[in-house]
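All of these numbers come straight from a predicted model, not from anything done at the bench. The residues of the chain are indexed from 1 along the displayed sequence. FYI, side chains are in, hydrogens and waters are out, and symmetry mates aren't considered; it's all heavy atoms of this structure. First listed ligand is number 1; within each ligand, the first listed atom is number 1.
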Amino acid sequence: MKRILVTGGTGFIGSHTCVELLQQGYKVVVVDNLCNSSPEVVNRIHAITNQSIEFHKVDLLDYDSLSQVFKQHKIDAVIHFAGLKAVGESTKVPLNYYHNNLTGTLTLLRVMQEYSVFNMVFSSSATVYGDKNPIPFVETFPLSSTSPYGRTKVMIEQFLQDAHASDSRWNVSLLRYFNPVGAHPSGFIGEDPNGVPNNLMPFISQVAVGRREKLQIFGDDYPTPDGTCIRDYIHVVDLSLGHIKALEKLIASTKPTVEAYNLGAGNGCSVLDVVRAFEKSSGKKINYDIAPRRDGDIAAFYADTKKSYQELDWRVERSLDDMCRDTWNWQSKNPNGY
Ligand SMILES: NC(=O)c1ccc[n+]([C@@H]2O[C@H](COP(=O)([O-])OP(=O)(O)OC[C@H]3O[C@@H](n4cnc5c(N)ncnc54)[C@H](O)[C@@H]3O)[C@@H](O)[C@H]2O)c1
């Protein structure tokens, strides 16, 4: 039985991936410093799966503590989620983002090398496509980014390419996520942002549950059918299953490589599409205002998913209605989060 180290495993996407890993028979070790997640997640994962993860409260910046985790468990592969992820915040405290995301990843890579663990699935993002590429985004497009957060993703992808170029044992899947939303259908785990949500779906669900008065929609004069921005929403369970497919491919491969894959639905929904779908799923009215456009937002983007469909044998199976239903189930059962 393979043992997978999941960094950031108590976070939103990490916790859902831990559930799928356990349910598919993997052993799971989690390191997380809990800077953006709750220790309660460990109990919730157990409640869903009736199995336990090995949890270590460790900061990726702490080489010695991380090294102890590798010493204690024989790790076969790493899924690396841990990082700071708020685009807006990253423009205010860029050095924190570079330190945490870049130094944290370098420390992890050095420890992996020390213990001869070379399989890694890395959480990248559609933000690496920047604002100049045509849509849909294809993995071969040139990379750039418009924020310090996005630049950490571009740089980490480059670290991993360089590591492989210097030592061909590095075997890496760069998963570029589009817009992950939704929650586990049990309602035990879901997205629980600190403070004001940065993303649309948690904002809508907090309006629905009465924690916030109204949604602000940034711009209704974009060149899209209803004037609001279009994004490619993907259910977090479909996203987690994409990680398992990528992991299986890494573990089975005889020739290590570094490959990028888009994980998105391959089509776009507008902000107003999401609002209407959420109203239908929850039976709640979502009050909203139209606010000015936000700096840096582009009108529309979505993924070209041919490569991940073909090479990972992976498909999204959950619709926008499923995403809204599961988000509402989680939010209504946990109105104040964990
Ligand atoms: N959610 C999205 O919309 C989205 C989109 C694209 C990419 N991503 C990437 O996916 C990954 C997971 O995102 P998420 O939405 O689950 O975020 P999250 O904040 O819920 O999870 C990240 C976890 O990493 C932990 N962490 C952060 N820095 C750490 C450190 N130095 N040491 C140990 N733990 C640390 C946090 O406590 C948190 O539990 C991130 O790398 C993010 O950039 C997320």
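- Residue contacts with ligand 1 for Leu34 involve N, CA, C or O but no side-chain atom from C-beta outward (heavy atoms, distance under 4.0 Å).
- In terms of protein heavy-atom proximity, atom 43 (O) of ligand 1 is closest to Tyr149 OH, 2.6 Å.
- A ring-centre distance under 6.0 Å is not found for Phe81 and His16.
- The protein heavy atom nearest to atom 19 (O) of ligand 1 is Asn36 ND2, 2.7 Å.
- Proximity to Val58 (heavy-atom distance under 4.0 Å) selects the following atoms of ligand 1: 32 (N), 33 (C).
- A cation-pi arrangement is absent between Arg176 and Phe137 under the rule of less than 6.0 angstrom and at most 45 degrees off the ring axis.
- With ring centers used as reference points, Trp330 lies under 6.0 Å from Tyr338.
- If you check which protein heavy atom lies closest to atom 44 (C) of ligand 1, you get Ile13 CD1, 3.8 Å.
- The option from Tyr233, Phe81, Phe12 that lies nearest to atom 11 (C) of ligand 1, judged by heavy atoms, is Phe81.
- Annotation for ligand 1: atoms under 4.0 Å from non-hydrogen atoms of Ser123 are 9 (C), 10 (O), 11 (C), 41 (O).
- Counting non-hydrogen atoms of other residues, nucleotides and ligands closer than 6.0 Å to OH of Tyr288 gives a total of 12 or fewer.
- No salt bridge links Lys284 with Glu279; every basic N to acidic carboxylate O contact stays at or beyond 4.0 Å.
- The closest side-chain donor-acceptor pair between Glu114 and Tyr63 falls under 3.5 angstrom.
- A salt bridge does not link Lys74 with Glu54: every distance from a Lys NZ or Arg NE/NH1/NH2 to an Asp or Glu carboxylate oxygen is 4.0 Å or more.
- Taking a 6.0 Å sphere around NZ of Lys307, one finds it holds more than 12 heavy atoms contributed by other residues, nucleotides or ligands.
- Considering backbone and side-chain atoms alike, Phe178 places every N or O at 3.5 Å or more from each N or O of ligand 1.
- Of the protein's heavy atoms, Leu60 N, 3.0 Å lies nearest to atom 32 (N) of ligand 1.
- Under 3.5 Å, the side chains of Tyr261 and Glu139 contain no donor-acceptor pair of N or O atoms.
- Residue-ligand proximity: Asp192 is placed with every non-hydrogen atom at 4.0 Å or more from ligand 1.
- Only the side chain of Asn100 comes within 4.0 Å of ligand 1, judged by heavy-atom distances.
- Among protein heavy atoms, atom 3 (O) of ligand 1 sits closest to Pro180 CD, 3.3 Å.
- The aromatic rings of His80 and Phe122 sit tilted relative to each other, their planes meeting at an angle between 30° and 60°.
- What sits closest to atom 35 (C) of ligand 1 on the protein, heavy atoms only, is Asn33 OD1, 3.2 Å.
- Checking Ser270 against Asp226 by side-chain atom types alone, a donor-acceptor pair falls below 3.5 Å.
- Comparing Asn179, Asp32, Val41 by heavy-atom distance to atom 38 (C) of ligand 1, the nearest is Asp32.
- Residue contacts with ligand 1 include Cys35, since one of its heavy atoms falls under 4.0 Å from the ligand.
- Atoms of ligand 1 found under 4.0 Å from any heavy atom of Gly8, numbered from 1 in the order shown, are 23 (C), 24 (O).
- Atom 21 (O) of ligand 1 has Gly11 CA, 3.5 Å as its closest protein atom, hydrogens excluded (heavy atom only).
- Two rings, from His56 and His73, have their centers less than 6.0 Å apart.
- The N/O atoms of Ser125, backbone and side chain alike, include none that comes under 3.5 Å of an N/O atom in ligand 1.
- At the shortest separation from atom 14 (P) of ligand 1 among protein heavy atoms lies Lys85 NZ, 3.7 Å.
- Under a 4.0 angstrom heavy-atom cut-off, Lys153 registers as being in contact with ligand 1.
- Judged by the shortest distance from any of its heavy atoms, Ser124 lies inside the 4.0 Å radius around the atoms of ligand 1.
- Here Asp238 does not pair with Arg315 in a salt bridge; the nearest charged N to carboxylate O distance is not below 4.0 Å.
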